[in-house]
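Please read the structure below before turning to the comments.
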Amino acid sequence: MRCFLAILGLALCLGCSRDRSGKKAAEEPVPDLRLVLVTDLKGYLEPCGCTSNPLGGIDRLAAQVGTLRDGKSPVVLLVAGDTFFDTSQLAPARVDQAKRNAKTLAAILDRLEVDAVLPGSTDRAQPPAFLRELSRGTGFAWLVMNGDTELLRISAGDLRLAVIGVREGTSSETLAAAVGTAQAETDLTIVLVDGSRRDANRVGAIDGVDFVVQGGLDEDAPAPPHRVGRAWALHAGRQGQGLTVVDLYRQKRGEPFVDRSEWSRRARVEQLARRIEDLASRIAGWEQAGDVNRADLDAQRARLAELERERQLLDAPAVEADSNSFFARWIELPKKAPRDEGVAKLMRKHDKAVNEANRVAFANLKPLPLGPDEVAYVGSEACSACHQQAYAWWRNHAHGLAYLTLQQRNKEYNLDCVSCHVTGYEQPGGSTVTHNLDGALVNVGCESCHGPGAAHTKNPEVPVVRDTPESTCVTCHNEEHSDLFDYEAYRKTLVVPGHGLPPLER
Ligand code: HEC
Ligand code: HEC
Ligand code: HEC
Ligand code: HEC
């Protein structure tokens, strides 16, 4: 039996080195170039960790880049779009933290040996003096900090690359001139764009462009490569949730590239399958109704057969060994993806530094004063004397541990985090990043849902909010931080014996 399994295993294993046609595939040839792309990073060192499947983390991205630099093909690492900043308009109180974040990110990108960055509009909106300071410490090219276009020449293995950065809204004439200039002594032309799909389309329409790397889309998962003119547009999602890798095989200069990615093939198969299913069901409907004329019905049947043939063709391997081709794939970075320990260390150091800097900088940031009819917050402890059971339940509920979640990560003074993990944040008589009634307002306390309780605590006849409306929950449970939030389902889990239900008998 064991022997049989071994043979089966061997057969399965041989199976993996065969392509779909059943021929044994030759040893996978080494790509002439490996492009690694990151778009719209938006200053994300890591995801907040609030959602059900957090993606990203620059330490995971770094580990992946390390794996991709396998020593076989030359690697060119390009970054485009909003990179160091999430927003163009920083509130004054946030400037310091955002700058520290940008510096840490720039240092890490440098360590990853990024070749070039085309900063996006959020980056360019920052004061020029700061951008100069930020770029001075880095070894990579910052494209188009002035003007409309900028050309960077990179040699990678046997290939001479022209990497052109283009600013949003640049005219087609200027673009064409820039691409034209780059053509001499160039084997491959890659244009980095920050802008809309239309901007990418305009670039792709220009003769001589092979690839357009699209920044500025601000979309989660990227679509597979798509044609723009003779070129291919590539995109790598946002916030460092993953990266796009393109392995290139270049046979002839100036010839267009063929996309041989499984990623693209699967997307086309899925799209065709949907169209086939849709048409087949419509034909069935017409056949049943019997009121469509024969010729029209035949025409639709022929179209269906054509689509099915198309799908079969997609199943056959299109080996065009003598043409320029590429394989693109998207590598997502889930929680379980390996991390680069060195980079993770820098991130932890950064978190501690930000925490400490904010603790000091905002030491005197007092809560807003109470207006005439407003009631102060008192903290959950103050409710415990009269609502023991509710308090005991809450203490061990996620809401009662929300601040610990931040403390464990050195983020309790982080301006990106604190607002939803404490009570009464920036409310009159509530809390600030540093002031929380000596800890009484940390965690998502009773008053986050029942409203400020000073008056009720003194005199229980003064009412508080009994049932919490959805609008209160979603100030924290928004789409970005609570992807699975469903008011009814979530609320039900809060209504337990001692809190909304009669206490259990002893
Ligand atoms: C001194 C005792 C006392 C304290 C302290 C106290 N409560 Fe109450 N609370 C009561 C009493 C008594 C009631 C009325 C019970 C009833 O009507 O069933 C009540 C009722 C409530 C209700 C239900 C309101 C309603 O309309 O049915 C909520 C919610 C509530 N308290 C929340 C809180 C919160 C939050 C705190 C802390 C900020 C708090 N209580 C502090 C005594 C107290
Ligand atoms: C002030 C912000 C805030 C408000 C308001 C708020 N929550 Fe939460 N909620 C949180 C945070 C933060 C967590 C996660 C805490 C942790 O684990 O560190 C959480 C966790 C939860 C969880 C636990 C989820 C799990 O996977 O275990 C439930 C359930 C929940 N909230 C329901 C609600 C409901 C229902 C409301 C409205 C009635 C509400 N919350 C209002 C911030 C809030
Ligand atoms: C807009 C409000 C909001 C902000 C800002 C926010 N969080 Fe959260 N966080 C939540 C909510 C709501 C949950 C619970 C989500 C759920 O279970 O559906 C949560 C859950 C979490 C969890 C999961 C806890 C667990 O035990 O599963 C972690 C970790 C976390 N947050 C960390 C952070 C960090 C770090 C930041 C800052 C980078 C941050 N949060 C900023 C609202 C927020
Ligand atoms: C995330 C929101 C949330 C938090 C935090 C929360 N509650 Fe509630 N509370 C509710 C909801 C929802 C109900 C159900 C109301 C209903 O069914 O009418 C409720 C019901 C109650 C009631 C009235 C029902 C009863 O059992 O008599 C009291 C009292 C109460 N909560 C006290 C507290 C206290 C005290 C705390 C803190 C230790 C607390 N709650 C924390 C949302 C919350």
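Atoms within each ligand, like the ligands themselves, are counted from 1 in listed order. Numbers for residues simply follow the sequence, beginning at 1.
Distance check for Cys50 against atom 8 (Fe) of ligand 3: an N/O/S atom falls below 2.8 Å. One of the N, O or S atoms belonging to His421 lies under 2.8 Å away from atom 8 (Fe) of ligand 3.
Note on Glu46 versus Arg409: no salt bridge recorded, every NZ/NE/NH1/NH2 to OD/OE distance being 4.0 Å or above. By the 4.0 Å N-to-carboxylate-O rule, Arg34 lies close enough to Asp247 to be salt-bridged with it. Taking 4.0 Å as the cut-off between side-chain N and carboxylate O, Arg339 and Asp59 count as a salt-bridged pair. In summary, Lys492 and Glu488 do not engage in a salt bridge, as defined by a charged side-chain N under 4.0 Å from a carboxylate O. At a threshold of 4.0 Å, the pair Arg359-Glu356 counts as salt-bridged, since one of the basic side-chain nitrogens sits closer than that to a carboxylate oxygen. A salt bridge links Arg202 with Asp199: the distance from a Lys NZ or Arg NE/NH1/NH2 to an Asp or Glu carboxylate oxygen falls below 4.0 Å. We find that Arg100 and Asp96 are joined by a salt bridge, their nearest charged nitrogen and carboxylate oxygen being less than 4.0 Å apart. Electrostatic pairing of Glu262 and Arg265 counts as a salt bridge here, judged by a charged N lying under 4.0 Å from a carboxylate O.
Remark: of the listed residues Leu188, Val246, Asp115, Asp115 is the sole one forming a side chain to side chain contact (heavy atoms under 4.5 Å, CB included) with Val76.
Protein heavy atom at the shortest distance from atom 12 (C) of ligand 4 is Asp467 OD1, 3.5 Å. Counting protein heavy atoms only, atom 13 (C) of ligand 4 is closest to Arg466 O, 4.0 Å. Residue, atom and distance of the protein heavy atom nearest to atom 5 (C) of ligand 4 are Gly445 O, 3.5 Å. Protein heavy atom at the shortest distance from atom 32 (C) of ligand 3 is Cys48 O, 3.2 Å. What sits closest to atom 11 (C) of ligand 3 on the protein, heavy atoms only, is His481 O, 3.9 Å. Looking at atom 29 (C) of ligand 2, its nearest protein heavy atom turns out to be Thr493 OG1, 3.3 Å. Remark: minimum distance from atom 17 (O) of ligand 4 to any protein heavy atom is reached at Arg491 NH2, 3.1 Å. At the shortest separation from atom 16 (C) of ligand 2 among protein heavy atoms lies Thr405 OG1, 3.5 Å. Scanning the protein heavy atoms around atom 22 (C) of ligand 2, the nearest turns out to be His397 CE1, 3.9 Å. Nearest to atom 23 (C) of ligand 3 among the protein's heavy atoms is Gly49 O, 3.4 Å.
In this structure, CZ on Arg395 lies 6.0 Å from CG on Asn443, to the nearest 0.5 angstrom.
Distances shorter than 2.8 Å separate atom 8 (Fe) of ligand 4 from the protein N/O/S atoms His450 NE2, His499 NE2. For a distance threshold of 2.8 Å, the protein N, O or S atoms nearer than that to atom 8 (Fe) of ligand 2, listed by chain and number, are His399 NE2, His477 NE2.
Of the heavy atoms in Lys411, only side-chain atoms (C-beta onward) come closer than 4.0 Å to ligand 3.
Of all atoms in ligand 3, numbered sequentially from 1 with element shown, those under 4.0 Å from a heavy atom of Asp416 are 5 (C), 37 (C), 41 (C). Every atom of ligand 2 is numbered from 1 in the order shown, and the set under 4.0 Å from a heavy atom of Thr472 is 5 (C). Atom numbering of ligand 4 starts at 1 in the shown order; those under 4.0 Å from a heavy atom of His387 are 29 (C), 35 (C). For ligand 4, the atoms lying closer than 4.0 Å to a non-hydrogen atom of Cys383 are 35 (C). Atoms of ligand 3 lying under 4.0 Å from any heavy atom of Asn478, numbered from 1 in the order shown and given with element: 1 (C). Of all atoms in ligand 3, numbered sequentially from 1 with element shown, those under 4.0 Å from a heavy atom of Arg409 are 29 (C).
Of the protein's heavy atoms, at least one falls inside 4.0 Å of atom 7 (N) of ligand 3. Within the 4.0 Å cut-off (strictly below), no protein heavy atom is located near atom 26 (O) of ligand 2.
Within 6.0 Å of atom CG in Asp467, more than 12 heavy atoms from other residues, nucleotides or ligands are found, so the atom counts as buried in its surroundings. No more than 12 heavy-atom neighbours from other residues, nucleotides or ligands sit within 6.0 angstrom of CG on Asn146. Counting heavy-atom neighbours within 6.0 Å of Gln388 CD, excluding the residue itself, gives a total of 12 or less.
Classified by interplanar angle (parallel below 30°, tilted 30° to 60°, perpendicular above 60°), the ring pair Tyr490/His477 is perpendicular. Ring geometry, His397 versus His399: the interplanar angle falls from 30° to 60°, so the pair is classed tilted. The aromatic rings of Trp393 and His499 sit parallel to each other, their planes meeting at less than 30°, with 60° as the upper class boundary. By the 30° and 60° cut-offs, the orientation of the rings of Phe326 relative to Trp232 is perpendicular.
When the heavy atoms of Cys420, Ser52, Ser419, Cys417 are ranked by distance to atom 42 (C) of ligand 3, first place goes to Cys420.
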### Message
I'd like to know whether Asn101 forms a side chain to side chain contact (heavy atoms under 4.5 Å, CB included) with His350, so could you lay out the CA-CA distance, the side-chain angles of the two residues, the decisive distance to 0.1 Å, and finally the verdict.
### Response
CA-CA 8 Å; Asn101 196 75; His350 166 84; 3.6 Å; yes
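Within the 4.0 Å heavy-atom cutoff, Pro502 does not count among the residues contacting ligand 4. No heavy atom of Leu484 sits closer than 4.0 Å to any atom of ligand 3. Not a single heavy atom of Asn414 sits closer than 4.0 Å to an atom of ligand 3.
Counting heavy atoms from C-beta on, the side chains of Leu33 and Leu161 come closer than 4.5 Å.
Considering all non-hydrogen atoms of both residues, Pro222 and Gly237 come closest at CB-N, 3.7 Å.
Formation of a donor-acceptor pair under 3.5 Å by the Thr432 side chain with backbone atoms of Leu365 is found in this model.
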